[in-house]
Each structure stands twice: as structure tokens, then as C-alpha cells.
Participant: 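Got a structure for you, questions after.
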Amino acid sequence: MALAARKAQPKRPDPGALLAWYDRHRRRLPWRAEPGQSSDPYRVWLSEIMLQQTTVAAVGPYFHKFLGRFPNVTALADAPSDTVMRLWAGLGYYARARNLHACAKEVAARGGTFPDTEAGLLELPGIGPYTAAAIAAIAFNEKSTVVDGNVERVITRLYAVEEEMPRAKPIIRALTEPLVPSDRPGDFAQAMMDLGATICTPKSPACSLCPWTDPCEARALGIQESFPRKAAKGERPARFGAAFFVTRKDGAVLLRRRAEKGLLGGMTEIPGSDWLPKFDKQPALEQAPLKAEWRKLTGSVNHVFSHFSLELQVFAAEVAQKTRAPENCWWSQEVDAEALPSVMRKVVDLARR
DNA sequence: AACGCGTGGCT
DNA sequence: TAGCCAAGCGT
């Protein structure tokens, strides 16, 4: 039956039709060059790192913040790592910030010039297959095959790829490669991503507005939303813990730095207990950073990470002015202005309520 | 090759 | 509401 449906629309997707659509509808984004202008590799790189698994809307303010503070890759390389991490706070996936800084240092060491090939870019920290291909195509006009989540969705629909992700990845790449035009590889990559972001969306794709409705096999079958095929996801485990909001008489709050690696690596936090599958008050309280009369605040902080959900009970205490900060901790007079990851921002907000 | 790694917006 | 999802990378 699929055979009959496929025979009904044997057209090959035309890259020219996509580019024509792109020329009319291309989105104006802060990191994009104007039509005909060449792209600044630094801006392309910075935006691509920030856009990894992150929405355009979320990236916007951070991109401007970074560009304002670090107008070029050398300025970024010369900044203290603390400054970079603080500016990144709230954007998530903090290993990206560390790799961003490491990459800037490597590029600065080569005179501030990025490698101009996909292979060269792939050597740099934080730059994987997608990002290397994207920078090569967009900034250096290399005919690389750029495959991100948008492209995966567009291609699996165009060709009704039945293979489940991630096994479909090599198939998708092979189907994408022959579509890349020699003259405008960068525009083609951005057009594919724009198409995926605005027309060929995960839910309710706007097929009637799509430059490729005609050759789309999934559309012909009326099952476009079912691609890409994916296995059902397992349950997200829950974890529980305590956070200790300690204020000194003068209002300073106790903070701590997390380990460099792992979850929220290197970020500032409110001291807390381990995060475990169940909440036990006594063992949690024994992990308090100092002795105090703890007052449990009403409510809790709930936060969802990519691979588990977290519920934190918040305990507050006020200690004497002369209290010294425990090991690995310090006092902050202005927690509200601190660069905290979002889950810790929620703890502060609950305590301040 | 799976898994760990954040966050906010949308349905 | 509670899951789903976004221009992935490193290990």
C-alpha cells in the first residue's frame, strides 16, 4: 500500500524550491548576516554553541550579553573562567560554557582565526559533527552536510523514513547529502533549519505553506506528524533533598561552589544535602553546612532536569554576625544578584518569599 | 553506544 | 497538568 502512495508522487525534492522559499521567508536573527553579506565566524560559532538543544528565544539575550562583553574570540579567551560561567548562568548545559572558553583559548592561540574546514573545526572542544558542519557551511561556504534535529524531522517526513531514531541517523545523512547545492550550502542549511522550525514543526506542521509539500511522502500518506519514528521514553526518576538557606545577621547568605564536573558543574549553589530517591529529614539535616536552629519553610522547590525531577525542602536559619563560612563556602551580601543556575534561583525565591 | 547533561515554552 | 521538545556534545 505504501507502494501505491509512493508511486503517486515520485518527485524529487528540489533544493532550489527550498532556497526560493528561504529567500522570501528567512528569519532575521542576531547572528545571521544580511543577504549577500559574509558571516562572522566568531558570531556563527558563538550562536551555534548556545543553540545546541536550546531555543532561539532563550539564546537571544545571552548572545547579546556575550557579544557585548566579548566582541571577538580573543576577548573571550582572555576573560577569567568565572566571568564566562557567570554570564552563562541560567542557560543550562554548563559544560558548553567550559568548552566555549577552552575553544576560545585554542582559537586565540592560533592567532584568533577559526579553522575554515569542517574537519578542522571538529577538532575544537564543544564542536561536534553538527556544529562543525554548520560553521563550515554558514561561515566558510563549505559544502558540508548539516544535520540537526530540524533536518532529521524534515528528511524523515520527506522520505517517510520508517527506521527509528537514532538508528535512522546514517540514513538521514545519506538522504540529505545529495540535496546540498554547491553554490549555497550555508543558505541551504539555514533554510532546512528554518523550515523545520517554522513549517515542518513537530506538532501540527503547516504543510500547506511548505515549499516541499509536493514531494513529501509522509504528507502524501497523511502521517507527517508520526516522523521521525522514536521509541517511547522511559519514566523520569524523582529525587529529593534539602537546601540550607543560611543568612547572617547582616543579611549575607551562605553559598558554595559545585564540583567542576557533572550536574551544574562549576556553578554556584545554595548548600544542600545529597539528592536521593526518597526524602529522609534526619539524614538530610545532618548534611547541613553548620549547626543552627533550622526552620523548615513551607512549600518546596520543584525542578525538572533532563533526566530526573527534583524536589527540595528548604531549611532556613539565621546565624551570628561573627559566624565563619564553613569549608568550601562563602558569604554573599547580594544573593539576588548572584549568577545562579535556575534550580538555585528557585530556592532563593522560595526563601525570600 | 547509551547515557548524562538544563531550561523554559508549549500543548 | 505533565510530558514533550529545542540549531548536540563528551564520555
Side-chain angles (χ1 to χ4, degrees), chain A residues 27 29-32 39 43-63 85 88-100 102-103 121-139 144-154 164-167 169-170 176 186 188-198 200-205 225 228 230-239 258-267 269 275 301-310 339-346:
Chain A
R27 294 184 293 170
L29 300 173
W31 43 86
R32 265 186 192 172
S39 307
R43 293 187 185 216
V44 174
W45 164 72
L46 181 61
S47 68
E48 289 298 344
I49 300 301
M50 289 183 167
L51 286 163
Q52 290 167 3
Q53 297 288 286
T54 308
T55 58
V56 166
V59 164
Y62 285 84
F63 180 78
M85 297 309 290
W88 196 277
L91 193 55
Y93 284 142
Y94 298 97
R96 289 185 297 173
R98 295 222 171 283
N99 289 327
L100 181 87
C103 183
L121 289 159
L122 196 50
E123 299 294 313
L124 294 168
I127 298 184
Y130 159 74
T131 306
I135 299 173
I138 297 168
S144 56
T145 304
V146 179
V147 182
D148 75 330
N150 290 303
V151 175
E152 286 172 353
R153 191 166 54 254
V154 170
E164 265 185 14
M165 298 295 290
R167 281 196 306 279
K169 282 176 179 286
T176 307
F188 177 77
Q190 293 178 89
M192 289 288 275
M193 295 191 276
D194 275 13
L195 188 70
T198 64
C200 197
T201 50
K203 308 282 184 191
S204 308
E225 263 194 52
K230 289 179 188 173
K233 292 201 173 156
E235 290 200 2
R236 196 196 305 271
R239 290 193 203 166
R258 291 180 63 87
E260 292 301 310
K261 293 193 172 184
L263 188 73
L264 308 177
M267 301 303 289
E269 70 172 355
W275 299 344
V301 165
N302 289 277
H303 191 76
V304 181
F305 293 100
S306 53
H307 52 302
F308 67 92
S309 62
L310 178 66
L340 299 173
S342 292
V343 61
M344 295 301 154
R345 176 61 51 201
K346 289 182 184 178

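In the text below, chain A, chain B and the rest are named by the order of the sequence lines, each starting its count at 1. This structure is a prediction, so every number in the text was calculated from the model and none was measured.
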Participant: Return the value, rounded to whole Å, for the distance between atom CZ of A:Arg98 and atom C1' of C:dT11.
Facilitator: 17 Å
Participant: Under 4.5 Å between any side-chain heavy atoms of A:Leu263 and A:Phe308, yes or no?
Facilitator: yes
Participant: Rounded to whole Å, please give me the gap between OH in A:Tyr130 and C1' in C:dC9.
Facilitator: 13 Å
Participant: Counting only N and O atoms by type, is there a donor-acceptor contact under 3.5 Å from the side chain of A:Thr201 to the main-chain atoms of A:Lys203?
Facilitator: yes
Participant: Are the side chain of A:Glu225 and the backbone of A:Ser204 linked by a donor-acceptor contact shorter than 3.5 Å?
Facilitator: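 It does hold such a pair.
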Participant: In whole angstroms, how far is the P atom of C:dG8 from the CG atom of A:Leu122?
Facilitator: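 Result: 16 Å.
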Participant: Answer with base, sugar-phosphate or nothing: what part of the nucleic acid does A:Val59 contact at a heavy-atom distance below 4.0 Å?
Facilitator: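 Nothing: the residue A:Val59, judged by heavy atoms under 4.0 Å, touches no strand.
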Participant: Taking CD1 from A:Ile49 and C1' from C:dG8, how many angstroms apart are they, rounded to a whole number?
Facilitator: 9 Å
Participant: Would you kindly give the CH2-to-C1' distance between A:Trp45 and C:dC9, to the nearest whole Å?
Facilitator: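 A:Trp45 atom CH2 is separated from C:dC9 atom C1' by 15 Å.
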Participant: Each nucleotide in nucleotides 4-11 of chain B should get exactly one letter: B, S or -. Can you fill that in based on protein heavy atoms under 4.0 Å?
Facilitator: SBBBS---
Participant: Describe the nucleic acid contact of A:Arg345 in one word from base, sugar-phosphate, nothing, applying a heavy-atom distance below 4.0 Å.
Facilitator: nothing
Participant: Can you tell me, in whole Å, how much space there is between the P of C:dC9 and that of B:dG8?
Facilitator: 22 Å
Participant: Give A:Trp31 one of three labels, base, sugar-phosphate or nothing, depending on what nucleic acid heavy atoms sit under 4.0 Å from its own.
Facilitator: base
Participant: Under 4.0 Å between any heavy atoms, over every strand shown, what does A:Thr131 touch: base, sugar-phosphate, or nothing? Just pick one.
Facilitator: sugar-phosphate
Participant: Which comes earlier along DNA chain C counting from the 5' end, the contact point of A:Lys233 or that of A:Gly126, where each point is its nearest nucleotide?
Facilitator: A:Lys233
Participant: Atom CG of A:Leu124 and atom P of C:dC9: how far apart are they, to the nearest Å?
Facilitator: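 Rounded to the whole Å, the gap is 12 Å.
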Participant: Identify all side-chain donor-acceptor contacts of residues 44-53 of chain A below 3.5 Å with residues at least two apart in sequence or on another chain.
Facilitator:
unit_1  : atom_1 : unit_2   : atom_2 : d
A:Ser47 : OG     : A:Arg43  : O      : 3.1
A:Ser47 : OG     : A:Val44  : O      : 2.9
A:Glu48 : OE1    : A:Tyr130 : OH     : 2.7
A:Gln52 : NE2    : A:Gly126 : O      : 3.3
A:Gln52 : NE2    : A:Thr131 : OG1    : 3.0

Participant: Can any side-chain N or O of A:Arg27 pair as donor or acceptor with the backbone N or O of A:Asp194 at less than 3.5 Å?
Facilitator: no
Participant: Under 4.0 Å, counting only non-hydrogen atoms across every strand here, what does A:Ile135 touch: a base, just sugar-phosphate, or nothing?
Facilitator: nothing
Participant: Could you state the CZ-C1' distance from A:Arg167 to B:dA1, rounded to the nearest angstrom?
Facilitator: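 Interatomic distance, CZ of A:Arg167 to C1' of B:dA1: 12 Å.
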Participant: CD of A:Glu164 versus C1' of B:dA2: gap in Å, rounded?
Facilitator: 15 Å
Participant: Touch check for A:Pro129, heavy atoms < 4.0 angstrom, all strands: base, sugar-phosphate only, or nothing?
Facilitator: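 The answer is sugar-phosphate, as A:Pro129 gets under 4.0 Å only of primed atoms, P, OP1 or OP2.
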Participant: State, with a plain yes or no, whether a side-chain heavy atom of A:Leu91 is found less than 4.5 Å away from one of A:Arg96.
Facilitator: yes
Participant: Using side-chain contact (heavy atoms from CB on, under 4.5 Å), reason through A:Met193 and A:Asp148 one step at a time and then give a plain yes or no.
Facilitator: CA-CA 8 Å; A:Met193 295 191 276; A:Asp148 75 330; 3.5 Å; yes
